[in-house]
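Fair warning: this is a prediction, and the values are worked out from it, not measured in the lab. First the proteins, then the strands, lettered A, B, ... as listed; each starts at 1.
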Number of protein chains: 2
Amino acid sequence: MLKEERQQFILNEVGIHNRVLLTDIADQLNVSVDTVRRDIKELHAAKLLKKVHGGAVSLGFNNYNPTGKKIYSLDKKSQIAEKALGLIKDGQVILISGGTTNLELARMLPPKLKLTCFTPSLPIAVQLLGKNNIEVIFIGGRLSKDSQITVGGSAINMLSEIKVDICFLGTNSIHPMEGLTEFDWEIVQMKKAMIHSSRKVVSPCISEKLGSTQRYKICGVEEVDVLITELEPWDVKLDAFKNLNIQIV
Amino acid sequence: MLKEERQQFILNEVGIHNRVLLTDIADQLNVSVDTVRRDIKELHAAKLLKKVHGGAVSLGFNNYNPTGKKIYSLDKKSQIAEKALGLIKDGQVILISGGTTNLELARMLPPKLKLTCFTPSLPIAVQLLGKNNIEVIFIGGRLSKDSQITVGGSAINMLSEIKVDICFLGTNSIHPMEGLTEFDWEIVQMKKAMIHSSRKVVSPCISEKLGSTQRYKICGVEEVDVLITELEPWDVKLDAFKNLNIQIV
DNA sequence: CAAATATATGCAAAAAACTGCAAATCATGC
DNA sequence: GCATGATTTGCAGTTTTTTGCATATATTTG
């Protein structure tokens with residue numbers, strides 16, 4: 001096996017899952033972890049991915065990981081995604097925004113579930129396309145390289161023409177008083193449009209992001225119907241959100 | 001065995017598999033690894049492949065087909081794609097339909113080329129997103145599972161709002177009298193809309209499809225400005241297309 | 001803080017690349 | 001037909017790269 005092939009494989013994995021574990025790769029390719037470590041080191045130097053403790057993450061998605069150090073939060077994201085699955089009923093029409101938590105959700109959708117899914121996220125569309133019982137409708141528009149979702153007037157226009165049962169709104173920052181915030185203006189516009197197109201807004205959010213704020217405001221907390229975190233319902237970090245007419249899962 | 005033959009063989013292998021091992025080639029051709037090494041060195045100098053430790057990889061190797069479908073007659077398609085590259089000028093606005101030949105084209109777009117690309121194809125969008133100098137605009141709509149392009153009214157609507165310099169129209173069947181045909185009605189509608197949105201229509205088409213017809217008609221041959229095949233210009237298979245006011249590449 | 005896990009470093013074996021050289025092959029001119 | 005020179009090919013020795021392992025250090029997590 002050529003070094004190039006290995007590195008390509010790693011990049012592919014990162015491209016698909018947005019994260020890889022050193023040990024996973026070493027296992028799949030039957031090479032030592034040292035070798036994979038060295039490969040990732042090179043790819044990192046070549047700025048093709050980001051090396052982190054335990055593995056690597058995709059460059060485009062460090063938006064969702066401002067610290068860039070917690071790739072193990074995947075477990076948390078899976079937990080959140082699993083809870084989110086419980087909100088979906090067969091035959092519904094849903095809207096999935098970008099972000100790694102939502103990508104996990106898309107991955108975990110059971111094959112037998114019949115759905116119509118709207119999404120502006122390229123990786124999520126790829127994921128959903130693999131599921132035979134899901135009708136995928138892609139929100140067109142200009143693709144943002146960082147977030148890998150479509151943005152801009154055309155996308156917002158298309159969103160304005162739909163009304164879905166549930167929207168899973170990837171959440172960068174949520175604060176009990178300040179509401180949902182983002183640092184990218186274009187994504188703010190997209191998320192506003194998504195909220196407007198949905199009867200029910202679900203906000204999957206890992207606990208690190210609870211209480212944080214960013215530059216631009218999307219909406220107040222009252223616009224969110226359901227907040228999903230990986231925490232147990234009685235966790236103190238959730239106290240601030242408990243009297244805001246939000247369902248907490 | 002002539003040096004020329006060997007090098008052709010190597011290029012062919014690289015074209016098909018995207019990578020070759022030095023030892024494999026030496027073994028298959030019954031020559032020493034040194035000879036193969038020298039060949040690869042020359043081909044590398046001629047920029048026909050990339051020499052790496054242990055073998056060689058194709059030039060567009062650092063790319064990935066996320067949907068994982070196998071592409072047949074890749075070598076021919078690469079040749080077509082390479083010819084198609086010659087039609088694109090820096091700064092243009094282009095529209096790329098679906099199909100594996102066009103995916104090859106997307107793969108081979110040089111990183112330094114500045115372009116605005118519209119596409120309804122998911123794999124092509126993924127491919128283009130990796131190129132920093134290309135602005136990608138995705139034609140939204142319902143994603144068709146088998147063709148992996150968006151179809152339907154919404155997509156056609158979005159197409160109706162644009163006008164691009166060149167459209168690379170993946171071609172299933174082309175016949176000198178019957179024109180371009182397709183077997184999927186929805187794709188026919190998409191292609192019609194694409195032609196309508198383009199100042200120049202380029203039809204990349206491998207020779208097997210020349211002269212064949214399908215169920216539904218997209219347009220007459222006169223709508224196509226350029227026909228690209230892998231054949232040499234004087235090939236008899238092209239004779240039937242020579243008096244139709246089409247540029248043949 | 002301590003256990004578990006991940007990283008960095010030095011090292012040695014294996015694989016591959018480079019170098020120089022000689023034999024074989026081929027084209028060319030006489 | 002044959003000598004000449006250029007090119008090609010394979011071989012042996014040396015150098016470089018890659019890879020896995022062992023050990024020491026650093027980081028994460030409960």
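Between Lys3(B) and dT7(D) there is no side-chain N or O to OP1 or OP2 distance below 4.0 Å.
Spacing between atom CG of Asp39(A) and atom C1' of dA8(C) amounts to 16 Å, rounded to whole angstrom units. Between the P atom of dA16(C) and the CD1 atom of Ile25(B) lies a distance of 14 Å, rounded to the nearest Å. Distance CD (Glu5(A)) to C1' (dT19(D)): 16 Å, rounded to an integer number of Å. Look at NE2 on His44(B): it is 10 Å from P on dC18(C), rounded to the nearest Å. Atom P of nucleotide dT18(D) and atom CG of Leu2(A) are separated by 12 Å, given to the nearest angstrom. In this entry the distance linking CD of Glu4(B) with C1' of dC26(C) reads 16 Å, nearest Å. Distance Arg37(A) CZ to dT5(C) C1': 10 Å, rounded to the nearest Å. The NE2 atom of His53(A) sits 5 Å away from the P atom of dT7(C) (whole-angstrom rounding).
For the ring pair (Phe, Tyr, Trp, His ring centres under 6.0 Å) condition, no pair includes a residue of residues 19-43 of chain A, sequence neighbours left out. Pairs passing the ring pair (Phe, Tyr, Trp, His ring centres under 6.0 Å) check and including a residue from residues 96-119 of chain A, sequence neighbours excluded, do not occur. Applying the ring pair (Phe, Tyr, Trp, His ring centres under 6.0 Å) rule to pairs touching residues 196-221 of chain A yields Trp185(A)-Tyr216(A), sequence neighbours excluded.
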Atom pairs under 3.5 Å, N or O on each side, protein against nucleotides 10-13 of chain D: can you list them with distances?
residue	atom	partner	partner atom	Å
dG10(D)	OP2	Ser32(B)	N	3.2
dG10(D)	OP2	Ser32(B)	OG	3.0
dG10(D)	OP2	Thr35(B)	OG1	2.2
dG10(D)	N7	Arg38(B)	NH2	2.6

Solution key, residues 48-55 of chain B side-chain donor-acceptor pairs under 3.5 Å, sequence neighbours excluded:
none

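Looking at Ile94(A) and Val164(A), their side chains never come closer than 4.5 Å, going by heavy atoms from C-beta outward.
With dT17(D), dT19(D), dA8(C) as the candidates, the nucleotide lying closest to the side chain of Lys51(A) is dA8(C).
Taking the ring pair (Phe, Tyr, Trp, His ring centres under 6.0 Å) definition, one finds that Phe168(B) meets it with nothing, sequence neighbours left out.
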